[in-house]
Amino acid sequence: MTKVRIVFPLFACFLAAPSCFGVEGAGKPARKMGSPEHFELRAAWFLQRMIKTDLALSGPRAHAVDLVFADYVRRTAEQLPRPVLIAYPLTDGSEGSGSKEGVITAQAGQRIEGKIQRRADGSAVMLVENLLEVLDPKREPLFRKTLLRWAQIKPEPISIPIIEVMRTARDPMLQLSPTQNSQIQSILRAKAGAAMSSPMGRGNTSEVDPLTERIREQIVAILTPAQRRQFETTLVFVEAEVAEWRAMKTGGNYLYAEALALLDAEAKKKDKPSGQ
């Protein structure tokens, strides 16, 4: 398998200086973020990418989504009360105390630690609710599917080729039959551990070892032609996410710099006198 190294135009300047975003010295938050926070921001960043891709957003809608995530990133980096990132597994709000009917929320015990943004009545603000406010209501069904898909193929703490294959194999868009799913899980249970413990698999690397390639080929052999095309499409998307995250070098700090630049530009637009 040839490792895909596609870097989408939206993130082409991540290797440049912070001034690429119009923010001088904004690459580091006021406090040092820990690994859990960097990982949480990565998960949110991947969700942002999926929403904009799956819903084919552009123009004002895409910009509004970017602003929602920018505020979330800023609040996380600066340790301010922030909305709850969608947790997994996802619910439809039919269970649990006080959850809004029909809104996907985090189940008890699954919220990442930190200060939670709350309304006047004390209820937690959910990131999904903020996103629903800026999306076309007609796109909500597709939005929900994207959330559920994100829960399955979200980033893992370790980014190595076999993990990327495993993430891809969980994509609901594959529409695996029970038999196919059982066969794939059997392959992964039998061989994924060996791929992870191989010299290539022990560290974060983009090099594909022969065992991982054989695992991928065995999985693909189980799929129908349409499923194979979806598998390869998802794998490209997952590989690109990993490559671009590595290209950021400083992870969440770069997202923070981008968020500050976006929010600052938005504030200047609102402060600009009318007619100018």
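Because the structure is predicted, anything quoted here is derived from the model rather than measured.
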Worksheet item: Mind checking what makes side chain to side chain contact (heavy atoms under 4.5 Å, CB included) contact with A226, not counting sequence neighbours?
Response: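 Checked A226 against side chain to side chain contact (heavy atoms under 4.5 Å, CB included); matches are T224, R229.
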Item to complete: Output, in order, the C-alpha distance, side-chain angles, deciding distance and verdict of salt bridge (charged side-chain N to carboxylate O under 4.0 Å, His left out) for D66 and K52.
Response: CA-CA 9 Å; D66 288 341; K52 294 173 68 176; 2.9 Å; yes
Quick one: closest heavy-atom pair of [X] and [Y], and the distance?
X: A70; Y: A259; answer: O-CB, 3.5 Å
X: P83; Y: L127; answer: CB-N, 3.7 Å
X: Y256; Y: A77; answer: CD1-CB, 3.3 Å
X: Y72; Y: A44; answer: CE2-CB, 3.8 Å
X: G252; Y: W245; answer: N-CH2, 3.7 Å
X: A194; Y: L211; answer: CB-CD2, 3.6 Å

4.5 Å side-chain heavy-atom contact, [X] and [Y]:
X: L262; Y: E266; result: no
X: E164; Y: I160; result: no
X: L174; Y: T234; result: no
X: F69; Y: W45; result: no
X: F46; Y: F237; result: yes
X: R139; Y: L142; result: yes
X: I153; Y: T168; result: no
X: I163; Y: V242; result: no

Does the distance from a Lys or Arg side-chain N to an Asp or Glu carboxylate O, for [X] and [Y], drop under 4.0 Å?
X: E244; Y: R42; result: no
X: R214; Y: E217; result: no
X: K145; Y: D54; result: no

Any donor and acceptor pair, going by atom type alone, linking the side chain of [X] with main-chain N or O of [Y] inside 3.5 Å?
X: T53; Y: R49; value: yes
X: R82; Y: T76; value: no
X: R75; Y: L80; value: no
X: R228; Y: L223; value: yes

Would you say [X] and [Y] are hydrophobically clustered, going by side-chain heavy atoms of ILVMFWY under 4.5 Å?
X: L47; Y: I116; answer: yes
X: M166; Y: I184; answer: yes
X: L176; Y: V238; answer: no
X: M126; Y: L132; answer: yes
X: L41; Y: I51; answer: yes

Discussion item. Enumerate the salt bridge (charged side-chain N to carboxylate O under 4.0 Å, His left out) contacts for residues 167-178, please, sequence neighbours excluded, ordered by first and then second residue.
Written reply: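 Residue pairs with at least one partner in residues 167-178: R149-D171, E156-R170, R167-E241.
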Item to complete: Mind running salt bridge (charged side-chain N to carboxylate O under 4.0 Å, His left out) on E258 and R74 for me, showing each step along the way?
Response: CA-CA 9 Å; E258 184 189 38; R74 181 185 67 84; over 6 Å; no
Discussion item. If we count only N and O atoms by modelled type, under 3.5 Å, do the side chains of Q183 and Q218 hold a donor and an acceptor together?
Written reply: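 No, because no side-chain N or O of Q183 sits under 3.5 Å from a partner of the opposite role on Q218.
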Discussion item. Before you tell me yes or no, could you show the steps for R216 and E232 under salt bridge (charged side-chain N to carboxylate O under 4.0 Å, His left out), namely the whole-Å CA-CA distance, both residues' side-chain angles and the distance that decides it to 0.1 Å?
Written reply: CA-CA 10 Å; R216 187 195 70 84; E232 297 299 339; 2.6 Å; yes
